[in-house]
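Structure first, then comments.
Quick note on labels: first sequence line is chain A, next is B, and so on, each numbered from 1.
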Amino acid sequence: MAESRYDGYGPQFSPPPEDYRPDPDLLTRTWGPLPGIRGFFAVVNYQVVGMRFIVTGFIFLLLGGIQALVMRTQLAQPNLDLVSSELYQQLFTMHGVTMMFFFAVPIFEGLAMYLLPLMIGSRDMAMPRLGAFGYWIYLIAGITLYTGFFLGLGPDAGWFAHAPLSSDRNFTPAMGMDLWVSAIGMLEISALVAAIEIVVTIFKLKAPGMSMARIPIFVWAMLVMAMMIIFAMPAVLLVTVAVGLDRMAGTHFFNAAMGGDPTLYQHVFWFFGHPEVYIIFTPALGVVSAVLVTFARRPMVAYSIVALSFIAMGILSFGVWVHHFFAVGIPPIGLSFFAVASMMVSIPSGIQMFAFIGTVWTGRPIVNTPFLFLIGFVVIFVLGGVTGVMLAAVPFNWQVHDSYFVVAHLHYVLIGGALFPLFAGLYYWFPKWTGKLLDETLGKWQFAIMFVGFNVTFFIQHILGFQGMARRVYTYDADLGWGTFNMVSTVGSFVLAAGILVFVFNVFWSLWRGRDAGQDPWLAPTLEWSVPSPPPQYTFLEPPVVRSLYPLWDPGAPDPEFDTAADRGERMRPQIRQDVRETFGTSIMDGEPESRVNLRDNSLWPFFAALAVGFAFVGSMFSLWFFPIGALLFYGTMIGWHWPFSKEIAT
Amino acid sequence: MSVHTEPPATPLLPLYVLGSRSPTWWGMIGLIAIEIVVFGGLIAMYFWLKLANPSWPPEGIAVKPLLLPTINTVILIASGVAMIVAKRAIVRGNQLVLKLGQVVALILGLVFFTLKIVEYSGYDYDWSTHAYGSITWTMTGFHAAHVISVVFKGIIVLLMSLRGMFRPDRHLAFEVSTLYWVFVVVIWLPLYFTMYISPRL
Ligand code: HEM
Ligand SMILES: [Cu+2]
């Protein structure tokens, strides 16, 4: 039968050629980038996009760190005037926004993007163009925010921008808050599209035979993170839009004089805000479990319970948001409910901790840099968890509300729970990404410096909190007697920063002089270590099939009847075409091969679409009319994105 | 030694699949999940503000009329039904009903949008009059933006149908856009209940 001209990507079925053999040259042509500057903007490959997320996120960590150092210097002694109180407000707001939105969430998304296809045996993420689009919006959002900041227009209402301070032009007349609205709005969009991509990839692109019971814990963690983003981030998108409307269009959502309600802001924002902490923390735990299993040299203890506890944690974290404003005036029954829920959410984390400890206990641990960072994580995070349970007790909470005790707590949780695992992950996967090992000696120094610096900086802040030092003050009087402890804390923060610099140096040093890593330097169990380092653009020469939870430790034998999903996948492998971007599409639960998924290739349109979104959001700071115009432009770019529409039959 | 049996025959894998077998379909489900949270948030905000105010709608603002919005709601539902009819048609290979259904749905969508403008230009308060105005205008505006965007998207899908790109086993673009269309219709119902029915209960 003749094929019609609307056959999109090609015929419905592709019987394998007689002389089928994997052809690396052909695959490289199929999956490679476009040449030149155009290729730079058009590339959609998950390795490139994922690495861009990681590097950009790390640059934001450095920027946020510089702001932190300026603040700490200002606080080193009483009555310093390095920065004005106005600038200090901008600094802590920018620091919080940078760390929470522009560093932690994107960098873990980047990790997910780079590693998921490798771990689940796919050749790319499910929607490559969407991933590229998400990156460009993220970049535009970051550039917008920092351009404003360097022009002296930084937002200054704290990272959570409580209304009515943020929503009423009489209180915050400067453009800073409009900037916050636009930048956060764009960042949310980027996080949401990345989340959809992650979920769909895990659902549909697993290798044949990789059932839900055979995905690594890391993949579970990323799935839970993405789900949480999908259910939490829209709330903050909504609330930022509402703030923007109050400021720009004259609505009264948060204006009590006109029937609005400021506590409405707090509820909607923190409905997102608490899960946000877990959005950061869940993928970090995923990193922990991947690194842990490899270096404990044994399978994870209680795999299914750990996987379930991730899900439980994700769900429970949506029931605790009120603990961020216990002091605002809540009926007692509400206080008790949210206090109990807040304490309960520590149960799944406790279970995971015990599984981690059990795994190490019964394994033969190898103590190298990634493993050291895991130990740092456990120590610091448990301390942060303890102060967290303390804060969940309402009377105690009222006592230390908005004091340095809270600053100490949140850094113990965030740095212990995200930054230390992140470094463990970076040391662990750097060889996969670059082909070079990071230097071990430097790594151990980095760990020691960071661990000491961190505790010196933040432990003492608990005490400052008890002594009554409020957070977000730009200076304090000498007769309060806080000078010494603040000085200690400041010195600690510079030590901590030095540790991060050691890492930056280590990266450049190792790229230049590092030892070659080879394919699998750690003798690790998961699929990403079955391909060369760095992985080729087509990732797998032949699409892998999976017969066990730890395929490189225990490949598993074919079924005697050759009748499992993996066996079928193995026989179907030659059908996956090499001259177009194809990969296996499998069923969600069992990894049963269902289709050949054709992935879209390089294109400039995601970049243009991001520009249209940026135009709408940045323009809306000046006039809301930019929004409909931007929407029309976006519509235009969508046409380009899906062109030619004959192909749309498939996508 | 076990006796090796011949492996069972290997079926050919299809390239074009529909529904939950297709990643694109799941992408659309993800988008819809996000939007449900946003709309749900708007409804929660509405009731929160209602509880925070002594009277709702506030003094001086009348309860919204029922007749026009109800007719309009029926029109929107009808557009969704037309899309579903078109979807059923393409599964059976009926190209004519496929196209007709979409044309009807597009027209009804535009009628809905126009009647919304007519309705809202009749009110003597706007979003800056009171928080009541803020939330109702925002809910309506946000939903209307969705209606107009499915219409825009629908035009493209209609052009694709006119060029005969859809087949009984290959119409993912159409399937996904129907899914979204139905979502925009269904999500209107709780909004309708919130703004028009709940103040009367
Ligand atoms: C690199 C070491 C870091 C240092 C020295 C540091 C220091 C500080 C300081 C001095 C403040 C302001 C306290 C105040 O005046 O109230 C602050 C606030 C904050 N930090 Fe950090 N920080 C660091 C890393 C991080 C990281 C990695 C995160 C998150 C992932 C983070 C999240 C926050 C948040 C959310 C706030 C609150 C901002 C606000 O009050 O709106 N910090 N930090
Ligand atoms: Cu919380």
Side-chain angles (χ1 to χ4, degrees), chain A residues 6 8-15 126-127 130 192 195-196 199-201 203-205 230-231 233-235 237-238 242 245 249-253 255 258-261 264 267-268 560-563 567-568 571-572 575 585 587-588 593-598 631 635 639 645-646 648-651, chain B residues 2-8 10-17 20-24 26-27 29-31 33-38 40-42 44-45 48-49 52-53 56 58 127-135 137-138 145 149 152-153 156 159-160 163-167 169-173:
Chain A
Y6 292 125
Y9 286 111
Q12 173 77 321
F13 297 108
S14 110
M127 291 145 175
L130 206 58
L192 285 168
I196 292 190
V199 172
V200 175
T201 305
F203 274 5
K204 295 313 291 179
L205 297 193
I230 289 177
F231 288 107
M233 291 249 176
L237 195 60
L238 179 63
L245 288 176
T251 56
H252 302 293
F253 288 108
N255 178 0
M258 298 293 275
D261 182 7
L264 173 61
H267 279 285
V268 183
E561 307 283 322
F562 303 103
D563 209 17
D567 297 304
R568 279 186 287 279
R571 292 198 301 280
M572 289 168 173
Q575 296 180 29
S587 70
I588 299 179
E594 286 179 339
S595 67
R596 291 154 32 229
V597 176
N598 196 308
Y635 179 73
I639 296 181
F645 280 93
S646 56
E648 181 61 13
I649 298 171
T651 52
Chain B
S2 68
V3 185
H4 282 274
T5 49
E6 269 297 290
T10 309
L12 288 177
L13 278 176
L15 177 58
Y16 308 97
V17 286
S20 67
R21 301 170 84 192
S22 145
T24 310
W26 281 103
I29 294 289
L31 176 63
I34 289 171
E35 301 246 33
I36 288 178
V37 180
V38 176
L42 280 171
M45 283 169 79
W48 183 276
L49 289 170
N53 277 278
W56 190 264
W127 55 88
S128 62
T129 316
H130 185 272
Y132 175 78
S134 310
I135 186 72
W137 277 81
T138 307
S149 84
F152 269 70
K153 195 174 162 201
I156 295 207
L159 288 176
M160 293 169 74
R163 303 205 67 184
M165 291 187 184
F166 298 130
R167 321 261 183 81
D169 60 339
R170 305 185 198 180
H171 51 269
L172 188 62

Please report the shortest heavy-atom distance between A:Gly260 and B:Ala131, naming the atom on each side.
-> N-CB, 3.5 Å
Does the B:Glu35 side chain pair with the main chain of A:Pro234, one donor and one acceptor, at a distance under 3.5 Å?
-> no
Contact origin within B:Leu42 toward chain A - heavy atom pairs under 4.5 Å = both
Can you tell which part of B:Pro58 gets under 4.5 Å to a heavy atom of chain A, answering side chain, backbone, both or neither?
-> neither
Looking at B:Thr10, B:Leu12, B:Val37, which has the largest count of heavy-atom pairs under 4.5 Å with chain A?
-> B:Leu12
When you measure from the side chain of A:His252 to the backbone N and O of B:Thr129, does any donor-acceptor pair fall under 3.5 Å?
-> no
Please state whether the side chain, the backbone, both or neither of B:Thr138 comes within less than 4.5 Å of a heavy atom of chain A.
-> side chain
Interchain contact, A:Phe13 with chain B, by part (heavy-atom threshold 4.5 Å) = both
Bottom line for A:Ile639: the part with an atom under 4.5 Å from chain B's heavy atoms is side chain
By a 4.5 Å heavy-atom criterion (distance strictly below it), what part of A:Met127 contacts chain B: side chain, backbone, both, or neither?
-> side chain
Honestly, the part of A:Ser587 sitting under 4.5 Å from a heavy atom of chain B is neither
Can you list the steps and then say if B:Ile34 with A:Ile196 is a side-chain contact (heavy atoms from CB on, under 4.5 Å)?
-> CA-CA 9 Å; B:Ile34 289 171; A:Ile196 292 190; 3.8 Å; yes
Between A:Met233, A:His267, A:Arg568, which shows the greatest number of heavy-atom pairs under 4.5 Å with chain B?
-> A:His267
Hits for salt bridge (Lys or Arg N to Asp or Glu O under 4.0 Å) against B:Asp169, two or more places apart or cross-chain, chain-then-number order -> none
Heavy atoms of other groups near B:Phe152 CZ, more than 12 under 6.0 Å | no
Name the member of A:Ala195, A:Ala235, A:Ser14, A:Ala249 that forms the most heavy-atom pairs with chain B at distances under 4.5 Å.
-> A:Ala249
I would like to know whether B:Val17 and A:Glu594 meet side-chain contact (heavy atoms from CB on, under 4.5 Å); could you show each step before the answer?
-> CA-CA 9 Å; B:Val17 286; A:Glu594 286 179 339; 5.8 Å; no
When rounded to the nearest 0.5 Å, the distance separating CD1 of B:Ile135 from CG of A:Leu264 is 8.0 Å
Can you name the nearest heavy-atom pair linking B:Ala52 to A:Asp261, along with the distance?
-> CB-OD2, 4.0 Å
Distance in Å, A:Asn598 CG paired with B:Leu15 CG, rounded so as to fall on 0.5 Å steps | 6.0 Å
Chain A contact via B:Trp48 - which portion, at a heavy-atom distance below 4.5 Å = side chain
Interchain contact, A:Val199 with chain B, by part (heavy-atom threshold 4.5 Å) | neither
Specify the closest pair of heavy atoms between B:Pro11 and A:Gln575, including all atoms of both residues, with the distance to one decimal.
-> O-NE2, 3.0 Å
So which part of A:Ala242 gets closer than 4.5 Å to some heavy atom of chain B, the side chain, the backbone, both or neither?
-> side chain
Between the CD1 atom in B:Ile36 and the CD1 atom in A:Ile230, the distance rounded to the nearest 0.5 Å is 11.5 Å
Do the rings of B:Trp26 and A:Phe203 sit parallel, tilted or perpendicular, given the 30° and 60° boundaries?
-> perpendicular
Of all the heavy-atom pairs spanning B:Gly27 and A:Val200, show the shortest one and how long it is.
-> N-CG2, 3.7 Å
May I ask you to decide if B:Ser20's main-chain N or O and A:Lys204's side chain share a donor-acceptor pair within less than 3.5 Å?
-> yes
